[in-house]
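One structure is given here, and the rest of the page talks about it.
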Amino acid sequence: MNKEKIWLSSPHMGGREQTYIQVAFDTNWIAPLGPNVLGMESDLERYLGEDVFVGALSSGTAAIHLGLILLDVKAGDEVICQSMTFSASANPILYQGGTPVFIDSEPDTWNMCPAALEEAILDRIAKGKKPKAIIAVHLYGMPFKVDEIVAIAEKYQIPLLEDSAEALGSSYKGRKCGTFGAVGVLSFNGNKIITTSGGGAIVVPSKALKDRAVFFATQSRDLAPHYQHSEIGYNYRMSNICAGIGRGQMEVLDAHVALRRKAHAFYSDYFAAIEGVTVLKEPTADWFSNHWLTAIVMDEAKVGKSREDLRLAFEAENIESRPLWKPMHLQPVFEKYPYYGNEVSSRLFEQGLCLPSGSNLTDNDYLRLEKVLDHFFKSQKL
Ligand SMILES: *Cc1c(COP(=O)(O)O)cnc(C)c1O
């Protein structure tokens, strides 16, 4: 195939990343920890505001795992988790020997349904076990119903772990995503809004909690000249090289958010004239999404073709698109665990598709995307 691949979401360097890495090389700081790691943390703290503290880690998954440890999740504990998400939201519950309890989505933001959440909490308490934590996700960068979810977490005194892996740069009522939970989580994996090639961060409201997370992330070393350990540790710290990439990426974060939002505007305009296709969008002005990925649902009955037909039409032109996250309660590895809801997420999964949304899409890429869409939807144009 001679046409260059258009990716769903690929790394997009800002230009200054190598400068930070060069300093690391010049000072021989090729290790975990180091000035770039501390710089990345303070960049993020400044960006997020709200007096949060940030610990830079090796991945978003590591941040969720350490978050559950900070929230004292132990073997046998139940942890509530949004069903429609990437498996990394749920896997760390199992690392801790806990039991996930999955919650369906609501149709406005596709995130955790507040009614199903409350139903689950009451039912788990009635069954004799109060859940230890709630993991809610800002899917595709779209903030979940923050006021409702936070109110329920407070009402039942269950800490909220906010999986903001896809939502750096998003906000709700002017406050940045990642700062609403007892613990917030960010990811800098290669496909995320900014990348450190691989990495993540934990966001917490106090220095003591940050120090605790960093302690676990660096093998739980007690204060002693020799290696001494009173607790189980992990090797989860970010490296100074990766953090160098991150520092360069922080300089272009807002510009990249604007470009992702441009992709979303392109698709929103396009599909406004197509019957049977709905674009995930901000429900009210309280929401500000980074639109990490633009996602649509297609009503097969109205369009006469399925989302899989559209995916194949893109693929034939060397363009990547992907079905929405398959809900966790439908995954072979998780289907035996409790689930509460009305299959909103299953329907989204059946009908939904994520479209190329990178901040590095070129004008020519947009023309190629439009051509595929025009051809596919020619009989649907209003
Ligand atoms: C990417 C992602 C993670 C995991 O982050 P990694 O850095 O890849 O470990 C967790 N949750 C969600 C919703 C994600 O999209």
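Ligands are counted one by one from 1 in listed order, and the atoms in each one are counted from 1 as well. The structure presented is a predicted model; accordingly, all values stated were derived computationally and were not measured. Numbers for residues simply follow the sequence, beginning at 1.
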Subset of ligand 1 atoms that lie under 4.0 Å from at least one heavy atom of [X]:
X    : value
T85  : 13 (C)
S187 : 1 (C), 5 (O), 6 (P), 7 (O), 8 (O)
G199 : 7 (O)
S59  : 7 (O), 9 (O)
V137 : 13 (C)
A88  : 3 (C), 4 (C), 10 (C)
S89  : 11 (N), 13 (C)

Report task. Flag the pair F377 / F271 as yes when their ring centroid distance falls below 6.0 Å, and as no otherwise. Result -> yes
Query - Ring centroid separation F102 to H329 under 6.0 Å - result: no
Report summary line: Note: A165, heavy atoms under 4.0 Å from ligand 1, region reported as side chain
**Report entry** Under-4.0 Å heavy-atom contact with ligand 1, by part of T61 that carries it
**Finding:** both
Query raised in the report: Cut-off 3.5 Å, side chains only: do Y172 and H138 have a donor facing an acceptor?
Result: no
**Report entry** Test item: side-chain donor near acceptor, S10 and N360, under 3.5 Å
**Finding:** yes
What is the closest protein heavy atom to [atom], and at what distance does it sit?
atom                    : answer
atom 15 (O) of ligand 1 : E166 OE2, 2.5 Å
atom 11 (N) of ligand 1 : D163 OD2, 2.8 Å
atom 8 (O) of ligand 1  : N189 ND2, 3.5 Å

Answer yes or no: does an N/O atom from [X] fall short of 3.5 Å to an N/O atom of ligand 1?
X    : result
G60  : yes
W325 : no
K192 : yes

**Report entry** Test item: D163 and F86 side chains (from C-beta on) under 4.5 Å apart, heavy atoms
**Finding:** no
Query raised in the report: Relative to Y156, does K130 satisfy both conditions: NZ or CZ under 6.0 angstrom from the six-membered ring centre, and within 45 degrees of the ring's axis?
Result: no
Query raised in the report: Between F349 and R307, is there a cation-pi geometry (under 6.0 Å to ring centre, at most 45° from the normal)?
Result: yes
With the threshold set at 4.0 Å, does a side-chain nitrogen-carboxylate oxygen contact exist between [X] and [Y]?
X    : Y    : value
K129 : E78  : no
E4   : R368 : no
K155 : E118 : yes

